[in-house]
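Heavy-atom basis, side chains included; hydrogens, waters and symmetry copies ignored.
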Amino acid sequence: MPASLAASAGRHGSARPRSHSGNSEAALLDLGILAFIGLAILATMTVSPPLLTHWKIQYVSAGGGFYEKLHPATYLVVLALCLAMLRGVNPIQELVRIGLESKAILLYLVCWGFLLVQTFVLDRPFTAVIDTLLLPVLMAVAIWQLPVAARRPLVRLLHLLILVNVTIGYYEYFAGHRIIPLTVGSILVLGEWRSTALLGHPLTASGLVGGYVLAIILKPQLCPQPLLRLPLVAFCLGSLMVFGGRTALVTTLVIIAGVIAFELFRVLRGGRIPLTTVIAAICVIFVGAAAVFWVLDQGVFDKMLLRFSSDKGSALARLATLDMLNHLDWNEIILGPTATRANALQSQLGLAYGVENFWIACIVQFGLVHTVLMTLALAAFFAVLLQRSTPAAYALLALIIVIAASSVSFSSKNIQLTQFVVLITLLLSRSEPSTARSSVRAQPIRSVRAPPLQAGSPP
């Protein structure tokens, strides 16, 4: 693994031959980069803001030192990128190469820089824009420094962490015991039946697990055996009922229904499906149908089903979110109101847990100008992400957009966008051609005309 990383680094670095000690240092740097990225992914999937609050770290609450206001994953990713800069002969040249690898990344960083200045002008906490909007780009750039072969341990780690969260979610739901207390900011939430696992919030867990289910379905190579893949999908899909995210559940089911309809249409047009997949699908459908009827009869998921008929004010909160812009004048809409004005208006409208729409929340916090800039920057970043990923990433992008439009999502200080970026970058990345194949060019085949037969010679 370190050898493959060193080979990739050698393609980007100088053409000078390295000594044995230089190769050893490069291998150690590659191993360090992989270790820091792995720790960053581990922190992203397990260390949530409620967990930091439970550990008495003032991450989202008032007070504490500056070092407490940044997520541990941010520190780890920055260390990985620092090692990536030291991997080349000239660290400045390596930094320029990372920055110029994509013009869209530079556009994103420029727009983010304007947003950072705006936070200082409006006297808002600037660490929120670091963890929420800068960390996803840093995480993607750090992972892209590794060749596809070196990302395999990270892919296995991601599978393990998501399955651990799903298992903990089932435990919390049926046992009635929450491992980490649920807090929103510094407010302790009591009487909430929805599971959170290690991800800190039911909606965060629902969105991430829904994206994982779509990745497994749309990219079967992640789990090639149908007899294992279909139960895995059913196990993770059922956890959306215990996490209680209606938006993620409905969006995931709609996308899955679209995929099934497309496959049926393809079969009707003469397409073929492997026999093992058909057998496994029939078995899972019959077993799943029986399990669904049994679960509904036992009332296991009655709490989730009641959320569709009684949402406890969620719909009213979204209507209040839409009405929030009517209370701002044009100067505040374009340039953004002060933090005191925005917080007072949010309390007046009863939005204690935040504005449940990413774009409206950005207008309320930073104004329309910076909202448009960050939307364009996010579009450019996701264009690069989709270019480096399989077509299955479009389904996850649709899920991200729906979540952003229907919840607080990325408008508050959290790492939810980073979690989706890790999911797409690791599980849905395109396979790079091997070095041997890419270095050998295919030679054109020339037809050789047979010499004419001589007189008297046998045919």
Side-chain angles (χ1 to χ4, degrees), residues 41-61 71-73 131-132 158-213 235-252 300-308 311-314 317 352-354 356 399-400 402-404 406-420 422-423:
I41 294 173
L42 179 64
T44 302
M45 298 297 170
T46 57
V47 181
S48 61
L51 178 60
L52 295 175
T53 302
H54 182 65
W55 285 346
K56 309 300 181 184
I57 298 176
Q58 307 298 325
Y59 176 69
V60 291
S61 55
H71 196 272
D131 283 349
T132 306
L158 183 59
H159 282 291
L160 176 63
L161 293 175
I162 292 179
L163 291 178
V164 167
N165 276 287
V166 169
T167 305
I168 294 176
Y170 278 114
Y171 165 76
E172 290 181 345
Y173 182 81
F174 291 108
H177 171 69
R178 196 180 303 279
I179 294 179
I180 301 172
L182 176 60
T183 56
V184 178
S186 57
I187 303 174
L188 179 63
V189 179
L190 300 175
E192 178 60 60
W193 61 266
R194 292 178 294 177
S195 301
T196 57
L198 302 177
L199 298 171
H201 196 278
L203 301 183
T204 302
S206 300
L208 185 66
V209 174
Y212 179 74
V213 169
F235 178 69
C236 294
L237 192 61
S239 69
L240 296 180
M241 301 291 287
V242 304
F243 287 125
R246 293 170 298 173
T247 302
L249 175 63
V250 173
T251 306
T252 303
V300 176
F301 296 134
D302 283 352
K303 295 178 181 179
M304 177 60 183
L305 296 176
L306 287 175
R307 280 187 57 82
F308 287 94
D311 62 354
K312 296 183 179 180
S314 295
Y353 297 124
E356 298 191 5
L399 177 63
I400 292 172
V402 172
I403 290 176
S406 60
S407 64
V408 178
S409 62
F410 325 124
S411 60
S412 64
K413 185 178 181 180
N414 57 59
I415 55 173
Q416 187 177 8
L417 184 59
T418 305
Q419 293 168 346
F420 278 113
V422 170
L423 199 67

**Message:** Test side-chain contact (heavy atoms from CB on, under 4.5 Å) on Gln416 and Leu199; report intermediate values, then the result.
**Reply:** CA-CA 9 Å; Gln416 187 177 8; Leu199 298 171; over 6 Å; no
**Prompt:** Do Leu182 and Arg194 pass the side-chain contact (heavy atoms from CB on, under 4.5 Å) test, and can you show the C-alpha distance, the side-chain angles, and the key distance before you say yes or no?
**Reply:** CA-CA 10 Å; Leu182 176 60; Arg194 292 178 294 177; over 6 Å; no
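- When atom types are taken as modelled, the side chain of Ser206 and the backbone of Leu249 share no donor-acceptor pair closer than 3.5 angstrom.
- In this structure, Leu203 CG and Phe243 CZ are separated by 11.5 Å, a value rounded to the nearest 0.5 Å.
- For Ile41 against Leu161, the heavy-atom pair with the smallest separation is O-CD1, 4.0 Å.
- Nearest heavy atoms, Thr247 versus Ser406: CG2-OG, 3.3 Å.
- One finds the OG1 atom of Thr53 at 7.5 Å from the CD atom of Gln58 (value rounded to the nearest 0.5 Å).
- Proximity of a side-chain donor or acceptor of Lys413 to a complementary backbone N or O of Pro49 within less than 3.5 Å is not detected.
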**Item:** Leu158/Met45 under side-chain contact (heavy atoms from CB on, under 4.5 Å): CA gap, chis, key distance, verdict
**Value:** CA-CA 8 Å; Leu158 183 59; Met45 298 297 170; 3.5 Å; yes
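- Contact detail for Val166 and Val209: the closest heavy-atom pair is CG2-CG2, 3.9 Å.
- You'll find the side chain of Leu399 reaches within 4.5 Å of the side chain of Ile403, heavy atoms only.
- Atom CG of Leu190 sits about 11.0 Å away from atom OG1 of Thr183, to the nearest 0.5 Å.
- Annotation: side chain to side chain donor-acceptor pair (under 3.5 Å) contacts involving residues 159-170, sequence neighbours excluded, comprise His159-Tyr212.
- To the nearest 0.5 Å, the span separating CD1 on Ile168 from CG on Leu198 amounts to 4.0 Å.
- Counting only distance, with no hydrogens or angles, the side chain of Thr251 and the backbone of Ala248 share no donor-acceptor pair below 3.5 Å.
- Scanning for side-chain hydrogen bond (donor to acceptor under 3.5 Å, both in side chains) contacts around Thr418 gives an empty result, with sequence neighbours left out.
- Side-chain N or O atoms of His201 include none that pairs as donor or acceptor with a backbone N or O of Ser48 at under 3.5 Å.
- Side chains of Leu163 and Cys236 form a contact here, defined as non-hydrogen atoms less than 4.5 Å apart.
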**Request:** Evaluate the criterion side-chain contact (heavy atoms from CB on, under 4.5 Å) for residue pair Leu417 and Thr132; output intermediate values, then yes/no.
**Result:** CA-CA 7 Å; Leu417 184 59; Thr132 306; 5.7 Å; no
